[in-house]
J.: 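I am attaching a structure below and will ask some questions about it afterwards.
The model shown is predicted, which means the values in this text are computed figures rather than measured ones. When a residue number appears, it is its place in the shown sequence, counting from 1.
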Amino acid sequence: MDNREVILEQALALFSERGYDAVGVQEICEAAGITKPTLYHYFGSKRGLLEAILERSFNELKTRLAAAAYYLGDLPLTLQSIAETHFSFAGEFQTFYRLQLALWFAPQESEGFKAVVIQNRFQYEMIEKVFLDAVPQHGNMRGRHQAYALTFLGMLNTYIGLGLNGFATLDVELAQQAVRQFQYGIYS
């Protein structure tokens with residue numbers, strides 16, 4: 001593993017364990033076995049390092065969600081695919097997902113929130129597009145797509161938080177339960 005990858009992995013572990021603001025550059029350097037100039041060479045700053053961590057992992061999630069969120073006229077099936085994709089990704093990349101959730105709920109003016117909001121927006125946009133695409137089959141959704149997308153993503157992240165903390169198992173059955181629960185409110 002090269003220095004860049006070691007730095008990314010060590011920083012991800014530290015940020016996820018203790019929070020972005022609680023970890024200093026020197027601590028990251030010591031954990032990675034490098035000097036500060038090496039970190040700055042690769043990332044420019046602590047914020048640049050965080051952005052690299054977010055970009056790397058969110059790019060993987062974007063790839064997976066692009067396939068899952070492709071709407072072919074079956075809303076329950078598409079929502080199930082999105083839920084399963086989120087749960088699978090969060091289970092596979094638990095350290096990252098815990099970090100991005102923590103950053104998402106950080107104060108709006110914090111450096112961590114500002115970094116994650118840029119990367120996180122695509123999740124909402126992909127889900128919103130599904131609801132927009134479903135309007136011809138489900139006319140009652142017209143004008144509600146934004147609220148549905150935000151609510152669905154929020155519900156998924158709540159279940160993922162429960163899973164990451166050992167209160168739920170992020171599996172297909174939980175994804176089915178979540179989608180059924182969500183659908184009760186959107187078809188009325």
J.: Taking side chain as C-beta onward, heavy atoms only, is Val130 less than 4.5 Å from Leu75?
T.: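 Yes, at least one pair of side-chain atoms sits under 4.5 Å.
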J.: Taking salt bridge (Lys or Arg N to Asp or Glu O under 4.0 Å) as the definition, give me every residue that meets it alongside Lys62, ordered by chain and number, with sequence neighbours left out.
T.: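 Salt bridge (Lys or Arg N to Asp or Glu O under 4.0 Å) check on Lys62 returns nothing, list empty.
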J.: Please find the pair of heavy atoms, one from Ala149 and one from Ile127, that lie closest to each other, and give the distance.
T.: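 Looks like CA-CG2, 3.7 Å.
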J.: Taking only residues two or more places apart in sequence, or in another chain, which ones meet Arg142 in a salt bridge (Lys or Arg N to Asp or Glu O under 4.0 Å)?
T.: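 By the salt bridge (Lys or Arg N to Asp or Glu O under 4.0 Å) rule, Arg142 matches no residue at all.
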J.: For the atom pair NE2 (His138) and CG (Asp133), what is the distance rounded to the nearest 0.5 Å?
T.: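 One finds 11.5 Å between NE2 of His138 and CG of Asp133.
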J.: Among residues at least two apart in sequence or on other chains, which ones pass salt bridge (Lys or Arg N to Asp or Glu O under 4.0 Å) with Glu84?
T.: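 Testing Glu84 for salt bridge (Lys or Arg N to Asp or Glu O under 4.0 Å), a comparison that skips the adjacent residues, returns none.
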J.: Side chains of Gln183 and Pro76: does their closest heavy-atom pair fall under 4.5 Å?
T.: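 A side-chain contact exists here, since the closest heavy-atom pair is under 4.5 Å.
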J.: Starting at CD1 of Ile34, measure out to CZ of Arg4 and round the result to the nearest 0.5 Å.
T.: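 Result: 12.0 Å between the selected atoms.
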J.: Are any of the side-chain heavy atoms of Asn120 and Leu103 separated by less than 4.5 Å?
T.: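 No, side chains not in contact.
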J.: Around atom CD of Glu173, are there more than 12 heavy atoms of other residues, nucleotides or ligands at under 6.0 Å?
T.: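 Check passes, neighbour count above 12.
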J.: Counting only heavy atoms not in Arg47, do more than 12 sit closer than 6.0 Å to its CZ atom?
T.: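 For Arg47, atom CZ is crowded (more than 12 foreign heavy atoms under 6.0 Å).
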J.: Would you say Gln123 and Phe152 make side-chain contact, with heavy atoms under 4.5 Å?
T.: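 Not touching, per the 4.5 Å side-chain cut-off.
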J.: Is there side-chain contact between Leu65 and His86, with heavy atoms separated by less than 4.5 Å?
T.: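 Sidechains of His86 and Leu65: in contact.
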J.: Can you name the nearest heavy-atom pair linking Leu170 to Leu174, along with the distance?
T.: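 Scanning both residues, the minimum pair turns out to be CD2-CD2, 4.0 Å.
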J.: Please tabulate, for the side chains in residues 25-33, all donor-acceptor contacts under 3.5 angstrom to protein atoms that are two or more places apart in sequence or on a different chain.
T.:
from, atom 1, to, atom 2, distance (Å)
Gln26, NE2, Glu30, OE2, 3.2
Glu27, OE1, Arg18, NH2, 2.9
Glu27, OE2, Arg18, NH1, 2.4
Glu27, OE2, Arg18, NH2, 3.2

J.: Should Lys114 and Glu109 be marked as a side-chain contact (heavy atoms from CB on, under 4.5 Å) after you check the CA-CA gap, both sets of side-chain angles, and the distance that decides it?
T.: CA-CA 7 Å; Lys114 289 177 182 177; Glu109 293 304 315; 3.5 Å; yes
J.: Cluster partners of Val172, using ILVMFWY side-chain heavy atoms under 4.5 angstrom, listed by chain and number?
T.: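 None; Val172 is a cluster of one.
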J.: Tyr70: which residues meet the ring-ring contact (aromatic ring centres under 6.0 Å, His included) condition with it, sequence neighbours left out?
T.: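 None.
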J.: Rounded to the nearest 0.5 Å, what's the gap from CZ on Arg180 to CD on Gln177? Could you check?
T.: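 The CZ atom of Arg180 sits 6.5 Å away from the CD atom of Gln177.
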J.: Assess whether side chain to side chain donor-acceptor pair (under 3.5 Å) is satisfied between Thr35 and Thr38, documenting all intermediate values.
T.: CA-CA 5 Å; Thr35 63; Thr38 301; 3.1 Å; yes
J.: Can you list everything that forms a side chain to side chain donor-acceptor pair (under 3.5 Å) with Tyr42? Sequence neighbours excluded, please.
T.: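 So Tyr42 forms no side chain to side chain donor-acceptor pair (under 3.5 Å) with any residue.
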J.: Ala68 and Thr85: which non-hydrogen atoms are nearest, and at how many Å?
T.: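 The answer is CB-OG1, 3.1 Å.
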J.: Can you measure from OG (Ser57) to CD (Glu92) and round to the nearest 0.5 angstrom?
T.: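 Those atoms lie 10.5 Å apart.
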J.: Rounded to the nearest 0.5 Å, how far does CG of Leu132 lie from CD of Gln146?
T.: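 So the gap between those two atoms works out to 8.0 Å.
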J.: Taking side chain as C-beta onward, heavy atoms only, is Leu72 less than 4.5 Å from Leu77?
T.: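 No - every pair of side-chain heavy atoms lies 4.5 Å or more apart.
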J.: The criterion is ring-ring contact (aromatic ring centres under 6.0 Å, His included); which residues satisfy it with Phe113, sequence neighbours excluded?
T.: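 Partners of Phe113 under the ring-ring contact (aromatic ring centres under 6.0 Å, His included) test: Trp104.
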J.: Using a 3.5 Å cut-off and no angle test, enumerate the donor-acceptor pairs between side-chain atoms of residues 153-168 and protein atoms at least two apart in sequence or in another chain.
T.:
from, atom 1, to, atom 2, distance (Å)
Asn157, OD1, Tyr97, OH, 2.6
Thr158, OG1, Gly154, O, 2.9
Tyr159, OH, Gln181, OE1, 2.6
Asn165, OD1, Arg98, NH1, 3.0
Asn165, ND2, Gly161, O, 3.1

J.: Under the side-chain contact (heavy atoms from CB on, under 4.5 Å) criterion, do Ile53 and Leu99 qualify, and how do the steps go?
T.: CA-CA 10 Å; Ile53 289 169; Leu99 172 63; 4.3 Å; yes
J.: So, using ring-ring contact (aromatic ring centres under 6.0 Å, His included) as the criterion, who are the partners of Phe43 when residues are at least two apart?
T.: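 Testing Phe43 for ring-ring contact (aromatic ring centres under 6.0 Å, His included), a comparison that skips the adjacent residues, returns none.
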J.: List for me each residue that meets ring-ring contact (aromatic ring centres under 6.0 Å, His included) alongside Phe93, sequence neighbours excluded, and say none if there are none.
T.: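 ring-ring contact (aromatic ring centres under 6.0 Å, His included) check on Phe93 returns Phe89.
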J.: Verify whether the ring centers belonging to Phe58 and Phe96 lie closer than 6.0 Å.
T.: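 Yes, the ring centres sit under 6.0 Å apart.
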J.: Leu49 vs Leu8, test: side-chain contact (heavy atoms from CB on, under 4.5 Å). Steps then yes/no.
T.: CA-CA 7 Å; Leu49 173 57; Leu8 287 168; 3.9 Å; yes
J.: Do you know which of Phe131, Tyr71, Tyr148 makes side chain to side chain contact (heavy atoms under 4.5 Å, CB included) with Leu79?
T.: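 For Leu79, the side chain to side chain contact (heavy atoms under 4.5 Å, CB included) test succeeds with only one of Phe131, Tyr71, Tyr148, which is Phe131.
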J.: Name the atoms and distances for all side-chain donor-acceptor pairs under 3.5 Å in residues 9-17, with sequence neighbours left out.
T.:
from, atom 1, to, atom 2, distance (Å)
Glu9, OE2, Arg56, NH1, 3.2
Glu9, OE2, Arg56, NH2, 3.0
Ser16, OG, Thr95, O, 3.1

J.: Taking the basic N atoms (NZ, or NE/NH1/NH2) and the acidic carboxylate oxygens, is any pair closer than 4.0 Å for Lys129 and Glu125?
T.: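 No salt bridge links Lys129 with Glu125.
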J.: Where is the tightest heavy-atom contact between Arg64 and Ser88, given as atom of each residue plus distance?
T.: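 For Arg64 and Ser88, the tightest heavy-atom pair comes out as NH1-OG, 4.3 Å.
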